[in-house]
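Only one structure is covered here, and it is reproduced in the block below.
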Amino acid sequence: MEHAIEMIGITKTFPGVVANDKVTLQVADNEIHALLGENGAGKSTLMSILFGAYNADSGTIRIHGKDVDIKDPNVATELGIGMVHQHFKLVHNYSVTENIVLGMEPRNRFGILNIGQAEKRVARLSDTYGLQVDPTALVEDITVGAQQRVEILKTLYRNANIIIFDEPTAVLTPQEIDELMQIIRRLKAEGKTIVLITHKLKEIKAVADRCTVLRRGKYIGTVDVEDVSEQQLAEMMVGRAVQFEIEKSPAQIGEVVLSIQHLSVADQNGHVKVRDFSVDVHRGEIVGIAGVDGNGQTELLYGISGLSPVSSGTILLNGADITHATIRKRIELGLGHIPEDRQKHGLVSDFSISENCVLKNYYQAPYSNAYGLLDHAKMAEDAQALIEQFDIRAGQGSRTAAGSLSGGNQQKTIVAREIHLSPHAMLVAQPTRGLDVGAIEYIRQRILAERDKGRAILLISFELDEIMNLCDRIATISKGSIVGIFAQHEVTEREIGMMMAGSKRDGGNR
Amino acid sequence: MKPVDTRESFTSRMLSSDGAVSVLVVLLGFLVGTILVALVGKNPLNMYKAIFQSLSGYNIDNGKMNVRYIGETLNYAVPFILCGFSMAFAARAGLFNIGGEGQYIMGLTVAQVIGLLGPNVPGLHWALAIIGAMLIGAAWGGIVGILKAKYEVSEVVSTIMLNYVALYLSRIICLQLPGASTYKTANFPETALLSNGFFQAITNNSMLNNGFFLMGLAVVVYWFIMEKTNLGFGLRATGFNREAARCSGIPVVRSIAISMAIAGAFAGLAGGIVALGSFRYGRVLSGMDNYGFNGIAVALVGNNTAIGTMLAGFLFGMLKNAQALMQGKQIPKEITFIIQGLIVVFIALRSAIALYLAWRSKRQLQKEVLAK
Ligand SMILES: Nc1ncnc2c1ncn2[C@@H]1O[C@H](COP(=O)(O)OP(=O)(O)OP(=O)(O)O)[C@@H](O)[C@H]1O
Ligand SMILES: [Mg+2]
């Protein structure tokens, strides 16, 4: 078998952790190779080494049989290696074409930019690979899925024949995921070699030829995807059996805790994104909001959490009107929030885990005394407990900077903080985004435990199975309004899918 | 790929440690300064003799010891350190405070007013003047903070403008003071002065005064607020990630206003100390003293930490004191400005070099792609 990529005995250490411990990865030419492993197993690190963002401490890399020294991303680009990062690196007020050619703009011999020439080449590439984008649109105006296609085009424009995808589907809606799978197959058909990092076993089964599994920085094995079941893959990666469906006791529903009445919210540009939205969340229940991305879910959470002002309507928390309350007031009254955008709203990446864990209540007892002095020891102690409970993999314990955590462990840190606060009502957006199957199982159990403690939970997720698994009632949102709201057992995934597309179903109770 | 390359990881580790970079940059600044002195045909050794004398009081050429030089170096460092804090404190909350100069001038002005008109009660008089200086500095910085927080006025623009307002306002006010001429006022009463008999005695009558204590106190206060209080926690969170701070309920508008006010108080204190510590009369300023601007460089070299900024302030104080000594040894005193300038440029260069490397590799890539 001809190998496109051979990484042999790769070791990389960070302070306090061996992120890659003599890892071997062999990717055949023109295959789709999945890379699977728990959060913090070292997948992103290994790929960053291949892409030249990090240098390995030791080990050998061969590309198409030749020994190479990938000092920096430029060397990787010259070798035909491209990477689609999980957090896109696009300039928002530039056009699609400008973003694609950025840094290598075609100029004529007088040094004048020839954007037309670039646009033609971009159009040709997007035709060949079925990557639909409007070359002249501004990046800020296109969907997340389209932005990802721009990232893929960027690698193709630089003549990549090995393309690395780091958790590409974590940010996509189910429809976009299907499209991406098509694109990946197309790339393979055109002769490209693909490395795909994902936590979703379904996707591995759907597109990958082979799969390499890492656990705690070590190489576990490589399997032909055809020969293994999802269950076997999960066991290989976690080292124990994993439950996919969680058991749920019937909800013990109490009085209304969070009441949203006729809420309307506009985005920054003044476009109304949430229209006359009403829902009541009771003690001891989880209400899910299903919908295609961009139908007002983000703005709904911004409005309730206080990140954006609301245009009209009322928000009541335990009967208190918090429609215009400050964010801190809402938090003090018992409103929790696991935000959608963890980098922007969830974490201060220069702060340690222990500082991030008290971001919302650092000024209160037991973390501050009456004179406003912090108790760092108590902060560290509680953070350590959360690190153990939530299995946050951190090199330097509670002192680890949040920014140096792996993506999934950052998410666990946010969830740990919010659940530790155990607020009366909790807004939860994509709680298991980027988590491995083991962590998903645990986090879902903790959310259910909150419900059973009598908390009211409003959950937003693009993953229908998460909604079906966790929620007691499910509302579908389309163009900022509720299309229907049903008890979980009253609807099927298919029906919700139809409502998400905007068609109403008769019946259902508010 | 090669096995462990310790050399490479050592330099990269050095470059990622801010403290190490600062030390490196200072050494580099001196190195280039030394070469320049040699190039203009002077003996660089004389420069180091002057610096040594300003640090230790010992004159290598004639073997005489005069501790006054140590006192002067320490005294010169005080306003550099405090103005450094003014820049650094705001920077920790994510703000660029170029208004240290204006805050300093206002502090100086109010200290002079109270110094000349205040109650001639020993102990109380100068304390009142210093408190007044800090309060006006806090107000001068606080205005900027409020403008920024409430109306999103860029702090860079408003601080620059307020620097000029402060200078001319100071002239108008000081010209009204008793005994004012175009450049000075009457002498301060004894009770307004910061002079400290003990310091003078041990440093052979240098200008070192109670301001040195106040500066020491400021170092502790700065460190304490930042690291130990929940106010500092909120400010740091705001500085690192304003959106996450806001989402977590931290009142960022208040944080911004408070951090600018505290920053202003540091610069105001510097102004008060210079007014009543280094002069016996009030000055009618005709230009800026530049401590506020130098504070930007001091904070930059000190990485906005309490200890780092203090050490950087001492370095600047030492260079300033060495100026006169250098002239005595035929070294142009401007060399100290050049060294200070070089240090700032080198610090700025660290990011510039990264930018340049990225730019160069992009050019190269562009050529290759177009060739295909
Ligand atoms: N820049 C860094 N500094 C310090 N430690 C790091 C850094 N980057 C990664 N690590 C550590 O290396 C380990 C592996 O991280 P990596 O990001 O490769 O995990 P991952 O497999 O991609 O996980 P996830 O699925 O959560 O994204 C983690 O323990 C992480 O904390
Ligand atoms: Mg990762």
The interface call for A:Met7 against chain B, heavy-atom contacts under 4.5 Å, is neither
Residues in residues 350-361 of chain A near chain B [non-hydrogen atoms, under 4.5 Å]: A:Asp350, A:Phe351, A:Glu355, A:Val358, A:Leu359, A:Lys360
Who pairs with A:Lys12 by salt bridge (charged side-chain N to carboxylate O under 4.0 Å, His left out), at least two apart in sequence or on another chain? none
Sort by residue number and list every member of residues 328-341 of chain A having a non-hydrogen atom under 4.5 Å from chain B. A:Arg328, A:Ile331, A:His337
So if I take each residue of residues 220-247 of chain B and look for any heavy atom under 4.5 Å from a heavy atom in chain A, which residues do I end up with? B:Phe224, B:Glu227, B:Lys228, B:Thr229, B:Asn230, B:Phe233, B:Gly234, B:Arg236, B:Ala237, B:Phe240, B:Asn241, B:Glu243, B:Ala244, B:Arg246, B:Cys247
Are more than 12 heavy atoms from other residues, nucleotides or ligands located less than 6.0 Å from atom OH of A:Tyr363? yes
